[in-house]
2 protein chains.
Amino acid sequence: MLRLTKKADYSLIALKHFAARQRESGDSLSAKEVADNCGIPLPLLSKLLQKLGKTGFLISEYGTNGGYRLARDPKLISALEVIRAIDGPVVLANCFTETLHCGHSDRCTVRRPLKRIHEAILRLLESVSIEDMLQDSDEDLSSKTLPHSLVALQGSPKHLAPSATAVK
Amino acid sequence: MLRLTKKADYSLIALKHFAARQRESGDSLSAKEVADNCGIPLPLLSKLLQKLGKTGFLISEYGTNGGYRLARDPKLISALEVIRAIDGPVVLANCFTETLHCGHSDRCTVRRPLKRIHEAILRLLESVSIEDMLQDSDEDLSSKTLPHSLVALQGSPKHLAPSATAVK
DNA sequence: TGAATCTGCGACCAATGCGATCTGATTTCT
DNA sequence: AGAAATCAGATCGCATTGGTCGCAGATTCA
């Protein structure tokens, strides 16, 4: 539940790879190169790169030494954008999409708190760029403060309950 | 993508309904009653309530006027617990479940930043209880500060980039 | 006390969406 | 010009989810 699609996952990995390589040379990378280095099934990756090309994240180049190239600065590509491009609009609860009110009395009151969570998640994903991922590669997780800051949530001056930090 | 399952969605709605009704009378509510009032297909709801009973959120009572009753204080039931009970462990990226390292060089470096997001989401879901949802029913969304505070993220002293606040 | 009825319980079936594969169009190098 | 290598689109099979049906247990009323 609440999982990222493999597609989205692969896309992020691939884009990160592009960002890393692009620092060294401005050449295009073929789908095969990326697939080999990232351990992604080539056919699937092709489809993803294709879509990323259409949606403006990558520039495709035909020909023998063709391939793909990042279209923008990795700083300007947020995880959210990528996920949206690949998987379509991000939706938490199903009601959000449907225009009609779910009807009865107190039925849909749950939506509001959920929507908050939803928005928080979006804000979270939005605040992380490919560039961030690149920098964040090999540091230890729990110890240090986040490099580009992972978020600060709208409102919410109070502190959250202690709440078992068991994060599984 | 990143959507809550209908099952989980329904479960939250149902639990909230239980919490609301329980304030007035301590009686059990039949599956039918909940289904009618919440607009959830009865057979599906039955299955959900059944599972919620097994996992200790509800107490089931047989007999002519039987039904279900909340097993604990709605304050003590977090959205995360419910989602986990219904949909299984919450997982963001697929790699998190697999024990084996995905292998190559820089391949899995994306995981770390994603894991942060993942944990943030979990913390978020954990901090919201059924009780919160109840209180949060009819207020206006954007205007006021959050009642039980929806989160404050670990670390992250800096502010996030301005970033288009378009949240769809 | 017995039977009817209402309840929860478990297993089964259908469908949307995801993942993977195959074939075709376009460009560059020889 | 030919051939190799690349991107591009369409198609197929599978898995998880959503939804339904029939059965067993408990209670209550006659």
Side-chain angles (χ1 to χ4, degrees), chain A residues 1-11 13-14 18 27-36 39-71 83 85-91 93-95 97-98, chain B residues 1-11 13-14 18 27-36 38-69 71 83 85-91 93-95 97-98:
Chain A
M1 177 65 279
L2 217 124
R3 76 184 339 144
L4 217 54
T5 314
K6 236 174 195 169
K7 290 183 185 177
D9 201 5
Y10 285 157
S11 299
I13 294 175
F18 275 103
D27 292 354
S28 297
L29 286 92
S30 73
K32 187 175 187 323
E33 198 274 351
V34 178
D36 288 346
I40 302 174
L42 177 58
L44 178 54
L45 181 69
S46 297
K47 192 171 181 166
L48 294 176
L49 295 183
Q50 182 185 139
K51 201 162 193 175
L52 290 173
K54 267 192 181 175
T55 43
F57 295 96
L58 294 173
I59 295 174
S60 67
E61 280 168 2
Y62 274 65
T64 304
N65 282 333
Y68 292 93
R69 208 155 28 86
L70 276 183
I83 294 172
I86 295 297
D87 286 334
V90 177
V91 167
N94 315 63
C95 340
T97 50
E98 305 172 6
Chain B
M1 176 67 278
L2 216 125
R3 76 185 339 145
L4 218 53
T5 315
K6 238 173 195 170
K7 289 184 186 178
D9 201 4
Y10 285 158
S11 299
I13 293 175
F18 274 104
D27 293 353
S28 297
L29 286 92
S30 73
K32 187 174 189 323
E33 199 274 351
V34 178
D36 288 346
C38 296
I40 303 173
L42 177 58
L44 178 55
L45 181 69
S46 296
K47 189 172 180 168
L48 294 175
L49 295 183
Q50 180 186 140
K51 200 162 192 174
L52 290 174
K54 267 193 182 173
T55 43
F57 295 98
L58 294 174
I59 295 174
S60 67
E61 279 169 2
Y62 273 66
T64 304
N65 283 333
Y68 292 93
R69 206 155 29 88
I83 294 172
I86 295 298
D87 286 335
V90 176
V91 167
N94 316 63
C95 339
T97 50
E98 305 171 7

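Values in this document were obtained by computation on a predicted structure and should not be read as measured data. Each chain gets a letter, A, B and so on, in the order the sequences are listed, and its residues count up from 1.
Remark: B:Lys7 pairs with B:Thr5, B:Leu48, B:Ile86, B:Asp87 by the side chain to side chain contact (heavy atoms under 4.5 Å, CB included) rule, at least two apart or across chains. In terms of the side chain to side chain contact (heavy atoms under 4.5 Å, CB included) criterion, residue partners of B:Gln50 (sequence neighbours excluded) are, by chain and number, B:Tyr68. Taking A:Pro43 as the reference, A:Pro41 meet the side chain to side chain contact (heavy atoms under 4.5 Å, CB included) condition, with sequence neighbours excluded.
Note that the OG atom of B:Ser11 and the CG atom of B:Leu49 stand 7.5 Å from one another [nearest 0.5 Å]. Distance check, rounded to the nearest 0.5 Å: CZ of B:Phe18 to CD of B:Glu33 gives 8.0 Å. Atom CD1 in A:Ile59 sits 13.0 Å away from atom CG in A:Leu52 (nearest 0.5 Å).
Contacts between residues 41-58 of chain B and DNA chain D, counted as heavy-atom distances below 4.0 Å, involve B:Pro41, B:Pro43, B:Leu44, B:Lys47.
In this structure, A:Glu33 places its CD atom 11 Å from P of D:dC7, rounding to the nearest Å. Rounding to whole angstrom units, NZ of residue B:Lys6 and C1' of D:dT16 are separated by 14 Å. Regarding A:Glu61, its CD atom lies at a distance of 11 Å from the P atom of D:dA8, rounded to whole Å. Distance NZ (B:Lys32) to P (C:dT7): 9 Å, rounded to an integer number of Å. Atom C1' of nucleotide D:dT6 and atom CG of A:Asp36 are separated by 14 Å, given to the nearest angstrom. The nearest whole Å value for the distance from the CD1 atom in B:Ile86 to the P atom in D:dT17 is 12 Å.
Of the candidate nucleotides D:dG18, D:dT6, C:dG8, C:dG8 has the atom lying nearest to any side-chain atom of B:Ser60.
At C:dA20, none of the side-chain N or O atoms of A:Tyr10 fall inside 4.0 Å of OP1 or OP2 (strictly under the cut-off).
When all heavy atoms of B:Arg69 and B:Ser28 are compared, the pair lying nearest together is NE-OG, 3.7 Å. Heavy-atom minimum distance, A:Ala31 versus A:Leu45: O-CD2, 3.4 Å.
Helical stems in DNA chain C, defined as runs of 3 or more consecutive Watson-Crick or G-U wobble pairs with both donor-acceptor distances under 3.5 Å, are listed by first residue as C:1-30 with D:1-30.
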Between protein and nucleotides 25-30 of chain C, map the contacts as a letter string: B base, S sugar-phosphate only, - none, heavy atoms under 4.0 Å, written 5' to 3'. -BBB--

